[in-house]
Amino acid sequence: MEYPEAFELVFQASAVADDVVVVRRTAAAGAGGYPVYEDETGIVRAEISDRGEVRMLASGGHQETGVPLLVRPLKPS
């Protein structure tokens with residue numbers, strides 16, 4: 001199965017605008033067998049299924065992961 005190279009994860013922020021994080025596919029797979037995506041810092045990590053279901057993954061101890069409001073695949077540029 002072919003998976004998108006990148007997604008936008010949209011989180012509700014306390015500020016006026018929502019927080020949008022771009023994550024890119026890594027070589028890793030999550031517990032569900034789907035690709036793991038991460039942002040450029042490696043802090044925001046998520047397993048994203050072929051149906052757009054998201055499982056946020058902790059990248060460090062004591063991290064509380066939020067659930068995105070929206071997940072959008074990015075088209076290659």
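- Nearest heavy-atom pair, L57 versus A46, reported as atom, atom and distance to 0.1 Å: CD1-C, 4.1 Å.
- Considering only heavy atoms from C-beta on, E8 stays 4.5 Å or farther from V21 through its side chain.
- Cluster annotation: V71 is connected to V23 through the hydrophobic network of ILVMFWY side chains, with a link wherever side-chain heavy atoms come within less than 4.5 Å.
- Remark: R24 engages no residue in a salt bridge (Lys or Arg N to Asp or Glu O under 4.0 Å) (not counting sequence neighbours).
- No side-chain donor-acceptor contact under 3.5 Å links S59 to the backbone of R45.
- Following chains of ILVMFWY side-chain contacts shorter than 4.5 Å, one can reach Y3 starting from V54, so the two form part of one hydrophobic cluster.
- Between P68 and L9, the shortest heavy-atom distance links the atoms CB-CB, 4.2 Å.
- Counting heavy atoms from C-beta on, the side chains of I43 and Q63 come closer than 4.5 Å.
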Stepwise side-chain contact (heavy atoms from CB on, under 4.5 Å) check, D19 with V10: CA-CA 6 Å; D19 190 17; V10 181; over 6 Å; no
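- Side-chain contact check for M56 versus V44: some heavy-atom pair is nearer than 4.5 Å.
- Linking Ile, Leu, Val, Met, Phe, Trp and Tyr whenever their side-chain heavy atoms come within less than 4.5 Å leaves L70 and F7 in two separate clusters.
- Proximity of a side-chain donor or acceptor of E47 to a complementary backbone N or O of Y34 within less than 3.5 Å is detected.
- Side-chain atoms of Y37 come within 3.5 Å of backbone N or O of P4 as a donor-acceptor pair.
- Between I48 and E53 there is no side-chain heavy-atom pair separated by less than 4.5 Å.
- Nearest heavy-atom pair, F11 versus D18, reported as atom, atom and distance to 0.1 Å: O-CB, 3.4 Å.
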